[in-house]
Amino acid sequence: MTEALFGPPSGFLQRLNRASVGVADLREAIERLMSDGLAPGLEVAVLGGTGRGPMLVIDDAGRRTRVLLAELAGEMTRARVPATADGVATALAAWLARRPVPDEIAAARGLAILDWTDGARTDLGWRVVVSRGGLVVPWRPSRTATLPLVHQTRSAALGRSAVLAGTLRVQGPVALWTSTGVPGVDTAVLVRPEALLAEMAAAGLRPRDAHVVITPRRPVACADDAVARRLVAEATDAWAIVPCGQLADLGWA
Amino acid sequence: MSGPRAEDPAQAVLVPHWLSTTDRLEVERAVRTALDGGPVHPVAAIHLGEVLTELHVAAAREVVWPAPTARVRQATGWGEDVVPVRLSALELASVLSLPGLTAVARDSLTGGRSA
């Protein structure tokens, strides 16, 4: 999933700002974050004296993530995070919101959605994601996750996606599907494309050669091949057109 | 699965015309009147049919990818209902040849925001 690590990118003027984020700024932001209160099950600590400098340790329901403060500060500098108390605190909160999803949370709440499998955004695959505070965070199995656990988590996520509520909107020859309730997981409907086609038929739309236009995290459009091609004409965002019949062949991202 | 094609010679270039809701409704009305009204040349009828499809597709694009057009609207100060309707040269010509098209819609397709 390609997404800004520290929240939305800063504006043009900020890009001209060469001030760098230091370890002290980061320490201050961490203290502020801890005093403001963390999400339940989440523990944050700064451990020092390992020879490579202080380290930020995050423990989220048993899943531990470690990062050197200097490394994180460097990443923030490269991302042009404003080197102010507020700027660093906001970036840290955004980074923390994207922390790895613990296996047990993925197993309990994961949804299967279609996502890009590569950085070039050309291939699609299924991915287990968890909705966390308005953000859709991908699950990558931890090192201790066993193969049966990975399969069970994926299978449970497919099951949850299959019963996810959504809204169908018919716009002439185009059907638009949006998930209701959880934002950003609209492609979950493609777990059972036959249900989408049945709803479209009930709404009076029966494309001869149904194709879906997919941009991960955006509503799904379904239409005849020619109409789907027209829909993506001159589109600036990355997209993929998949014939409905080939959706079942997509693998896991 | 297929991604963006580098160049498809069979596909005509679609040029965006920025139309408000009023403009789009007028184009739709004029096209429907022409198609329902009397004999239309079969080729022209195909192009006019494509124009009707495009009017729907333009609205669908707004649902799937609203950000790029929102940026244009923000930069130009155009109203929230202004969206790009992408027409090929032949489709545009088939609409402009309709005698029932009002001057307002004709202007919005040939000048104004589209110029």
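Protein chains get the first letters and strands the later ones, always in sequence-line order, with residue 1 at the start of each.
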With a 4.5 angstrom heavy-atom cut-off, which part of [X] approaches chain B: side chain, backbone, both or neither?
{"X": "A:Leu231", "answer": "both"}
{"X": "A:Ala226", "answer": "neither"}
{"X": "A:Val174", "answer": "side chain"}
{"X": "A:Val212", "answer": "neither"}

Should we count CD of A:Glu194 as having more than 12 external heavy atoms under 6.0 Å?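 For A:Glu194, atom CD is crowded (more than 12 foreign heavy atoms under 6.0 Å).
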
Exam field: side chain A:Arg218 to backbone B:Val63, donor-acceptor pair closer than 3.5 Å: yes

Looking only at heavy atoms, which two atoms of A:Ala238 and B:Trp65 are closest? And how far apart?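 Closest pair (atom of A:Ala238, atom of B:Trp65, distance): O-NE1, 4.4 Å.
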
Shortest non-hydrogen contact between A:Pro173 and B:His56, atoms and distance: CD-CB, 3.6 Å

Between B:Arg61 and A:Arg230, is there a side-chain heavy-atom distance shorter than 4.5 Å?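 Contact flag for A:Arg230/B:Arg61 side chains = yes.
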
For the candidates B:Leu52, B:Leu55, B:Val64, which exhibits the highest count of non-hydrogen atom pairs separated by less than 4.5 Å from chain A?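 Heavy-atom pair counts peak at B:Val64.
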
